[in-house]
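Encoded as C-alpha cells, the structure appears first; notes follow it.
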Amino acid sequence: MIHVNAMGDACPIPVVKTKNAIAQLGGPGSVETLVDNEIAVQNLTKMANQKGYAVRSEKLEPGKFRVVMTVGEPAEAETVAEEEACLVVPGSKQKNTVVVLSASTMGTGSDELGTALMKGFVYALCQQDTLPSTVLLYNGGAALSCEGSASLEDLKSLEAQGVEILTCGTCLNYYGLTEKLRVGQVTNMYAIAEKMMLADCIVRP
Amino acid sequence: MRQKKPALVITFSSTTAAIRMEAFCLEHNLPGRMIPVPREITAGCGLAWKAPTDAQEQLTQSMTQAGIQWEDLRILEL
C-alpha cells in the first residue's frame, strides 16, 4: 500500500497526489490518503467512483480522515457503507449544508431575546436527525465556541456527531479570545470562503 | 445517532418568564438550561427550562419560594 499525506493540502492537491500514487502502483494495489477535511474525502470518493476503484473512508479524529482506494477491484462502496465503523460519503448524494453563526444573537431586536434564541437554535440544531457538515463561526458568533459560552456543550455534541466546527481566527484575535476557544478548530477566510462556495445550502439564523 | 434520555421540562406562560427563570437559576446555581419548547409539548414557539429529572423537587421548591410561576412540568425523552 502506498501512503499519501495530503493533510493541509487545498483542493485539488489531495486528488492529484492520490492519482500520482495510483500511477506509481502500476497495477492492482491500494493507496491510503490522509486528508484534513470532508470536502477532500468527497472529492477523492468521487474520483474513485468515476475510475471504478473500490473506496472506503473513515474519520480518524476531528480534522483527520483516511481514504483508502483499491485498484483492480470493482467499486464496493455500497457494501462498505453497511460497515458501522466506516463513514462513506457518497459524493453528491449527501447534501453539504453549512451553518453560519455570524453573531452571538439570533435576529435583530432585543439582545436579551436574541441571545436566548441563538442558544435555542444551537440546541435545536444538535437535536436534528440530519446534521450540517460544517458550522462556521465568525465576528460576534466566534464567542459561541469559546469559554463561557452557553452553547459550548451543544457545539461539542455536534462535533462528537461528526460536524466540523470552525471559528474565524481573525475574529478570535480581534476579540481577545484566541486562548479561549474550547471546541473545533481555528480557520481562516480562505477556508471560510471555500466552505461557503462548496456548500449546497447555507443556513444563517 | 443521538441517544434520547428522560429530562424534566418546565414551561412558562411567557418568553420573558422563561428568560427570568434562566437568570434565577444561574444566580442560585440551580441545575438545568434553557431550550426551545419541545415539539412534543406545543407546535408554538417558546422557551422552556430543561433539567435532570432528579432536580424536580429542588427546582419546584426554589421556584415556589421565589414566587416563580410555571405553566407545565413534564418528563420527556429528549
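In what follows, chains carry the letters A, B, and so on, assigned in the order in which the sequence lines appear, proteins first and then strands, with residues in each chain numbered from 1.
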Using side chain to side chain contact (heavy atoms under 4.5 Å, CB included), reason through Asp154(A) and Arg33(B) one step at a time and then give a plain yes or no.
CA-CA 11 Å; Asp154(A) 294 333; Arg33(B) 60 166 299 170; 2.6 Å; yes
So which residue, Glu22(B), Lys4(B), Met34(B), ends up with the most heavy-atom pairs under 4.5 Å with chain A?
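The residue among Glu22(B), Lys4(B), Met34(B) with the greatest pair count is Glu22(B).
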Region of Lys50(B) in contact with chain A, defined by heavy-atom distances below 4.5 Å:
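Contact with chain A involves the side chain of Lys50(B) alone.
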What are the two closest heavy atoms between Gly120(A) and Pro36(B), and how far apart are they?
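For Gly120(A) versus Pro36(B), the nearest heavy atoms are O-CG, 3.3 Å.
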Chain B contact via Glu153(A) - side chain, backbone, both or neither, heavy atoms under 4.5 Å:
neither
Are more than 12 heavy atoms from other residues, nucleotides or ligands located less than 6.0 Å from atom [atom1] of [X]?
X         : atom1 : value
Gln58(B)  : CD    : yes
Met1(A)   : CE    : yes
Lys180(A) : NZ    : no
Glu77(B)  : CD    : yes
Glu112(A) : CD    : no

Starting at [atom1] of [X], measure out to [atom2] of [Y] and round the result to the nearest 0.5 Å.
X         : Y         : atom1 : atom2 : result
Thr115(A) : Ile19(B)  : OG1   : CD1   : 8.5 Å
Tyr123(A) : Leu47(B)  : OH    : CG    : 12.5 Å
Gln127(A) : Leu78(B)  : CD    : CG    : 6.5 Å
Ile35(B)  : Lys119(A) : CD1   : NZ    : 12.5 Å

